There are 2 protein chains.
Amino acid sequence: MKPVRNIAPEPTETPAELLQRYLTRQGLKSTRQRSIIVETFLAAEGHLDVDQLLARVRVQDPRVSAATVYRTMKLLTECGLAHAQNFGGGHTRYESTFRREHHDHLICTGCGTIVEFENDRIEALQDQVARHHGYTIHDHKLELYGLCRDCQARAARGARL
Amino acid sequence: MKPVRNIAPEPTETPAELLQRYLTRQGLKSTRQRSIIVETFLAAEGHLDVDQLLARVRVQDPRVSAATVYRTMKLLTECGLAHAQNFGGGHTRYESTFRREHHDHLICTGCGTIVEFENDRIEALQDQVARHHGYTIHDHKLELYGLCRDCQARAARGARL
DNA sequence: CCGGGGTATGAAACCAGTTCGCAATATCGC
DNA sequence: GCGATATTGCGAACTGGTTTCATACCCCGG
């Protein structure tokens, strides 16, 4: 096992190129399965779990195994192209982080819709809190759970029945 | 399965009394195992996982099974006496929520120490963000991961060797 | 363009945490 | 105390995920 390092994207590089660079640098190989998985993952642009990703990958090639998807997502996470998240329900979800700012999530517990947001003032306050306790933050997770407008309306309607 | 509802503490009630009220109301029974588990859990005042809790419970009664601890913690969570959390590593941790303010966590990824904090300004900003997107928040999770002072020092020392 | 060393893959075994099914047991209202 | 019903402990089953192992593939050197 070689030391894992994630690498910064070159100015004009595509995700696929970055991955290629990473693979080469680490002495890893570019395979058909990896290409399909990465393509599919990048095309999906969402918060997918392994099942969803595997289903889509198998449209291209039904023989790809779950293990390979797990392994590939781990790889993408290590090289900094994907970020693993875990919103409660046991399934790890991945989202692309290619040239993407950090952001947090607002999750509707009714319909599962996820809104991404970013708030510098919150981040600043977080740093302040951490500093106050002598901590150096290297990661954080902020998730807000609630009902979106539609689900609120639906709930109100339901209550009235 | 009856509808689950958590109940608010009466002004002068102890956790054990609240639980008793909950059990009676739901037609459930008070057993020796449940009492031991609840007592142990409340006495521990921390963020315990099931293994830790089971170990302590077995000091009182070695025959209590893991399944019962799981079932009891689920019960406590449902009636609002405990809160389940999941900081990364696959172990669900529980903390007492009896008459406890909401708080967030600052977790040292070096030694696992957990600091609790509360910050009204962050909460206010969260509400603001949610409102802005038309959401009504009913829960949130904020976790800051970093190194505590000691682990920072240790890391610096390690790097120098 | 071919061969070989080393990596990647798929299937199945494995793992840890958690839940479930069931027979035996304990609780609680009457 | 009785009896209906909830609970327990056990082990088996399930879950998401990782690892093993034999085989297939990639890619560099010749």
Side-chain angles (χ1 to χ4, degrees), chain A residues 1-4 16 19-40 47-55 57-58 60-79 82 84-94, chain B residues 1-4 16 19-38 40-41 47-55 57-58 60-79 82 84-94:
Chain A
M1 175 74 98
K2 302 194 181 91
V4 170
L19 176 64
Q20 185 53 58
R21 202 153 54 86
Y22 181 79
L23 294 176
T24 306
R25 192 212 279 201
Q26 305 284 324
L28 306 177
K29 291 172 183 174
S30 168
T31 66
R32 181 176 43 82
Q33 292 88 328
R34 273 182 189 165
S35 303
I36 297 176
I37 294 168
V38 173
E39 255 176 59
T40 308
H47 303 79
L48 311 112
D49 61 30
V50 170
D51 281 347
Q52 299 170 321
L53 184 52
L54 180 59
V57 164
R58 283 189 166 158
Q60 316 283 318
D61 181 345
R63 280 174 303 174
V64 175
S65 78
T68 299
V69 175
Y70 280 111
R71 287 189 276 233
T72 303
M73 291 319 294
K74 198 172 166 197
L75 193 66
L76 290 190
T77 304
E78 287 167 358
C79 77
Q85 320 195 257
N86 191 345
F87 304 134
H91 292 230
T92 302
R93 289 167 172 279
Y94 295 91
Chain B
M1 174 76 96
K2 303 195 180 89
V4 170
L19 176 63
Q20 185 52 58
R21 201 153 55 84
Y22 180 79
L23 293 176
T24 307
R25 191 210 280 198
Q26 307 283 324
L28 305 177
K29 292 172 181 172
S30 169
T31 66
R32 183 175 41 84
Q33 291 87 328
R34 273 183 190 164
S35 303
I36 297 177
I37 294 168
V38 173
T40 308
F41 171 63
H47 303 78
L48 310 113
D49 61 31
V50 171
D51 280 348
Q52 299 170 321
L53 185 51
L54 180 59
V57 165
R58 283 188 167 160
Q60 314 284 316
D61 180 346
R63 282 175 299 175
V64 174
S65 78
T68 298
V69 174
Y70 279 109
R71 289 188 279 231
T72 303
M73 291 318 295
K74 196 173 167 197
L75 194 65
L76 290 190
T77 304
E78 287 166 358
C79 76
Q85 322 195 256
N86 191 345
F87 304 135
H91 295 227
T92 302
R93 288 167 172 277
Y94 295 91

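Residue numbers start from 1 in every chain, and the chains themselves are labelled A, B, ... in the order their sequence lines are given, proteins ahead of strands. This one's a predicted model, so the numbers in the text were calculated from it and none came from an experiment.
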Nearest-0.5 Å distance that lies between atom CZ in B/R58 and atom OG in B/S65: 7.0 Å

d(CG, A/L54; C1', D/dT18) in whole Å: 16 Å

Please list every donor-acceptor pair under 3.5 Å in which a side-chain atom of residues 32-39 of chain A meets a protein atom from a residue at least two apart or in another chain.
{"residue": "A/R32", "atom": "NH1", "partner": "A/D61", "partner atom": "OD2", "Å": "2.2"}
{"residue": "A/R34", "atom": "NH1", "partner": "A/K29", "partner atom": "O", "Å": "2.7"}
{"residue": "A/S35", "atom": "OG", "partner": "A/T31", "partner atom": "O", "Å": "3.0"}

Determine to 10° how strongly the helix from C/dC1-D/dG30 to C/dC30-D/dG1 is bent, judged from the axes of its five-pair ends. 30°

Could you check which of D/dG9, C/dT9, D/dT19 has an atom nearest any side-chain atom of A/A67? D/dT19

Mapping B/T92 and A/T72 onto DNA chain C by nearest heavy atom, which one lands closer to the 5' end? A/T72

Return the minimal non-hydrogen interatomic distance between B/R93 and B/Q52, and the atom names on each side. NH1-OE1, 4.1 Å

What distance do A/T40 atom OG1 and A/L48 atom CG have between them, rounded to the nearest 0.5 Å? 9.5 Å

Nearest heavy-atom contact between A/C79 and A/L19 is SG-CD1, 4.2 Å

What integer distance in Å separates B/D51:CG from C/dC15:P? 17 Å

For B/H91 and C/dC15, what is the distance between atoms NE2 and P respectively, to the nearest whole Å? 16 Å

When you measure from the side-chain N and O atoms of A/Y70 to the phosphate of D/dT18, is any distance below 4.0 Å, counting only OP1 and OP2? no

Identify, with sequence neighbours excluded, every residue that meets ring pair (Phe, Tyr, Trp, His ring centres under 6.0 Å) alongside A/F87. A/H105

Per-nucleotide protein contact string for nucleotides 22-30 of chain C, where B marks a base within reach and S marks sugar-phosphate only (heavy atoms under 4.0 Å, - for neither): -----BS--

Taken in chain and number order and not counting sequence neighbours, the residues that satisfy side chain to side chain contact (heavy atoms under 4.5 Å, CB included) with A/A66 are A/L54, A/Y70

Would you mind reading off the distance between A/R34 atom CZ and D/dC27 atom P, rounded to a whole angstrom? 10 Å

All side chain to side chain contact (heavy atoms under 4.5 Å, CB included) counterparts of A/A84, not counting sequence neighbours: A/T92, A/Y94

Whole angstrom value for the distance that separates P of C/dT7 from NZ of A/K74: 15 Å

What is the distance from CG of B/L75 to P of D/dT8, rounded to the nearest Å? 9 Å

Find the distance between CG (A/L23) and CZ (A/R21) and round it off to the nearest 0.5 Å. 11.0 Å

A/R58 CZ - C/dT9 C1' separation (whole Å): 13 Å

Give the rounded distance in Å between these two atoms: CZ of A/R63 and C1' of C/dG10. 11 Å

Please work out if A/V64 contacts a base, only the sugar-phosphate, or nothing of the nucleic acid, heavy-atom cut-off 4.0 Å. sugar-phosphate

